[in-house]
Engineer: 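Take a look at this one; I'll ask things after.
Computed from a prediction, not measured in an experiment: that's the story for all the values here. Below, all heavy atoms of this structure are taken into account, side chains as well, without hydrogens, waters or symmetry copies. The residues of the chain are indexed from 1 along the displayed sequence.
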Amino acid sequence: MARKCFFTGKGPMVGNNVSHANNKNKKRSLPNLRSVRVRLEDGTTMKIKVAASTLRTMKKRS
């Protein structure tokens with residue numbers, strides 16, 4: 001699995017570091033992913049990567 005949230009699809013973002021002299025260097029911002037075990041309806045467990053912001057939302061709703 002890639003660096004993507006299983007539920008929201010959040011992935012890496014690309015941008016620039018800009019210096020005072022206006023020099024630009026590419027940078028990558030990776031999402032804050034956590035590995036979580038989820039129990040499925042048939043009783044098996046599955047390990048998925050979920051963004052931390054999504055986990056907070058899931059805790060709020062349950």
Side-chain angles (χ1 to χ4, degrees):
M1 235 194 321
R3 288 187 172 107
K4 267 196 174 182
C5 176
F6 181 80
F7 293 111
T8 60
K10 282 186 181 183
M13 292 192 310
V14 182
N16 285 317
N17 279 328
V18 183
S19 71
H20 184 66
N22 208 23
N23 298 332
K24 294 170 183 77
N25 293 317
K26 283 288 186 186
K27 74 173 180 181
R28 256 176 115 202
S29 299
L30 298 176
N32 187 8
L33 295 178
R34 303 287 165 202
S35 293
V36 178
R37 287 182 195 269
V38 175
R39 188 177 298 269
L40 302 177
E41 292 176 1
D42 61 351
T44 60
T45 58
M46 186 175 152
K47 207 172 184 183
I48 58 174
K49 291 181 181 176
V50 182
S53 56
T54 308
L55 277 176
R56 282 197 301 271
T57 305
M58 290 167 60
K59 285 183 182 179
K60 234 189 248 184
R61 305 229 170 157
S62 63

Engineer: Heavy atoms only: give me the nearest P31-P12 pair and the separation to one decimal.
Structural biologist: CD-N, 3.8 Å

Engineer: Drop me the distance from F7's CZ to I48's CD1, to the nearest 0.5 angstrom.
Structural biologist: 4.0 Å

Engineer: Evaluate V50 against R34 for side-chain contact (heavy atoms from CB on, under 4.5 Å), listing each step before the verdict.
Structural biologist: CA-CA 5 Å; V50 182; R34 303 287 165 202; 5.6 Å; no

Engineer: Working to the nearest 0.5 Å, report the span between SG of C5 and CG of L33.
Structural biologist: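 So the gap between those two atoms works out to 6.5 Å.
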
Engineer: Enter the distance from R56:CZ to T54:OG1 here, rounded to the nearest 0.5 Å.
Structural biologist: 9.0 Å

Engineer: Would R3 and K10 satisfy side-chain contact (heavy atoms from CB on, under 4.5 Å), going step by step from the backbone distance to the final call?
Structural biologist: CA-CA 8 Å; R3 288 187 172 107; K10 282 186 181 183; over 6 Å; no

Engineer: Counting N and O atoms only, with roles assigned by atom type, does the side chain of T44 sit under 3.5 Å from a partner on the main chain of L40, one being a donor and the other an acceptor?
Structural biologist: no

Engineer: Among N17, V18, V14, which residue satisfies the side chain to side chain contact (heavy atoms under 4.5 Å, CB included) criterion with K27?
Structural biologist: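 Only one of N17, V18, V14 forms a side chain to side chain contact (heavy atoms under 4.5 Å, CB included) with K27, namely N17.
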
Engineer: Other residues, nucleotides and ligands only: do more than 12 of their heavy atoms fall within 6.0 Å of CE on M46?
Structural biologist: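 Counting neighbours around CE of M46, more than 12 heavy atoms of other residues, nucleotides or ligands fall under 6.0 Å, so yes.
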
Engineer: For the atom pair CD (E41) and CZ (R39), what is the distance rounded to the nearest 0.5 Å?
Structural biologist: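 One finds 12.5 Å between CD of E41 and CZ of R39.
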
Engineer: Should L55 and V36 be marked as a side-chain contact (heavy atoms from CB on, under 4.5 Å) after you check the CA-CA gap, both sets of side-chain angles, and the distance that decides it?
Structural biologist: CA-CA 9 Å; L55 277 176; V36 178; 3.9 Å; yes

Engineer: Using the test side-chain hydrogen bond (donor to acceptor under 3.5 Å, both in side chains), find all partners of N22 that sit at least two apart in sequence or belong to another chain.
Structural biologist: K24

